[in-house]
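Just below is one structure, and these are the notes that go with it.
Protein chains get the first letters and strands the later ones, always in sequence-line order, with residue 1 at the start of each. These numbers come from a predicted model, not from an experiment. Note: hydrogens, waters and symmetry copies are ignored here, and every other heavy atom, side chains too, is used.
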Amino acid sequence: MHDVVLALGSNKGDKKENIKRALYFISHSGIRIHKVSKTIITSPWGNWQQADFANMVLTAKTSLSPYELLKTIKGIERTMGRTEGHMKPRIIDIDIIFFDNIILNTEELEIPHPSFRERIFVLGPLFEIAPHLKDPVSGKSISQLYKELLSMPYVGHIETEKGSFFVSVKNGMVLKTSFDYIRGRQEYTPIIANLLDRLKMYFNGEKVDFNDFSLDFSNVPPLYRKIYTVLRKIPYGTTISYSHLAELAGIPKGARTIGNAMAKNPFPILVPCHRVIRKDGTLGGFSSGIERKIFLLKLELGDRFFDIFPKNIH
DNA sequence: TGACGCGCACCAT
DNA sequence: ATGGTGCGCGTCA
């Protein structure tokens, strides 16, 4: 017999009833449920513009193999009327969190579940029923992971034409934005939701200003802080050269310093380093990829892009 | 201290 | 119009 942990979620119809029905199906599929957590209500993550979720976690024993177990729970999802579609409202969602102590990393199945450490709606209920259980990957106990998660910044993301865009927020301040994955507590606070809403509008080509968000500069050197603050005042749809920005920031010959500061910008988009271009009418660099700088400038400038960068064929 | 970098001006072709 | 060469400026190791 194998010890397994499953996580259940529902955000469509009678959510708590859906979970009860799923428990019924699970317990009649060769899975012996051991402990069940309370069912909690959480805000959705992944797509913030949908209904709250009911979530719960259970421990169980089964003689099924990992793949048989996967097939079984996907069968239950289908039986209960779940339709395909990532990040869409769902009647029921069942995930395998643990399967004994095995570590599995295939296209089809990842065990332990790859992001359970960042999800309060898994760790919270799991902490309730199995705080001493150990994560075979990190070697840490659930209670330790849970405690760590509570002190992590909140994170969220949107999908854009140029890949996912991630944000993290702590103490009401934006800590970081990035085109690269940011680890953190996957929950939508009002600030995260507001920020993602605005980013979505921005990437749709709307003229959006982000200056009402406060940024956490505590890990930023003082001069860079000043540079970023000045740069934030450069409005949507305009550009500025590295040297001109240097002047505005009080370092008349510090164009290259500006380049360094841009390369390390912890807040792409919100601190609009994509608006900073070379004096000779070329683009300059962009740490997350020059295609993205081109994309953002075209988004903001429209046809004027080709006046400013006549040499660029893109 | 010294190397480094999302630039710039100035001079060469 | 391109292509090299110092220069200058803050960071970080």
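Salt bridge annotation for A:Glu291-A:Lys162: absent, with no cationic side-chain nitrogen under 4.0 angstrom from a carboxylate oxygen.
No donor-acceptor pair under 3.5 Å is formed between the side chain of A:Lys16 and the backbone N or O of A:Ser10. Side-chain atoms of A:Arg304 come within 3.5 Å of backbone N or O of A:Gly237 as a donor-acceptor pair.
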What dot-bracket string describes DNA chain C from 5' to 3', counting Watson-Crick and G-U wobble pairs whose defining distances are under 3.5 Å, with [ ] for crossing pairs and | for pairs to another strand?
-> |||||||.|||||

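As a whole-Å value, the separation of A:Lys226 NZ from C:dC9 P is 15 Å. A:Ile227 has its CD1 atom 13 Å from the C1' atom of B:dG7, to the nearest Å. Rounded to whole Å, atom P of C:dC9 lies 16 Å from atom CG of A:Leu245. Residue A:Tyr224 contributes atom OH, which lies 10 Å from atom P of B:dC6 at whole-angstrom precision. Note: CZ (A:Phe179) to P (B:dC6) measures 17 Å, nearest angstrom. The nearest whole Å value for the distance from the CG atom in A:Leu231 to the P atom in B:dC6 is 16 Å.
When the options A:Arg119, A:Gln144, A:Arg185 are evaluated for a side-chain contact (heavy atoms from CB on, under 4.5 Å) with A:Leu149, the one that passes is A:Arg185.
Taking the ring centroids of A:Phe267 and A:Phe213, they lie at or beyond the 6.0 Å cut-off. Ring to ring, A:Phe165 and A:His157 are not that close: their centroids are 6.0 angstrom or more apart.
With values rounded to the nearest 0.5 angstrom, A:Met173 atom CE is found 11.5 Å from A:Ser168 atom OG. For the atom pair CD1 (A:Ile308) and CG (A:Leu297), the distance works out to 8.0 Å, reported to the nearest 0.5 Å.
A:Asp52 and A:Ser43 share no side-chain donor-acceptor pair at under 3.5 Å. No side-chain donor-acceptor contact under 3.5 Å links A:Tyr202 and A:Thr160.
Taking the ring centre of A:Phe179 as origin, the terminal cationic atom of A:Arg292 falls inside the region bounded by 6.0 Å and 45° from the ring axis.
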Go along nucleotides 8-13 of chain B 5' to 3' and tag each nucleotide: B for a protein heavy atom under 4.0 Å from its base, S when only backbone or sugar atoms are that close, - otherwise.
-> SS----

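Within residues 258-265 of chain A, the residues having any heavy atom closer than 4.0 Å to DNA chain B are, in order of number, A:Gly259, A:Asn260, A:Met262, A:Ala263.
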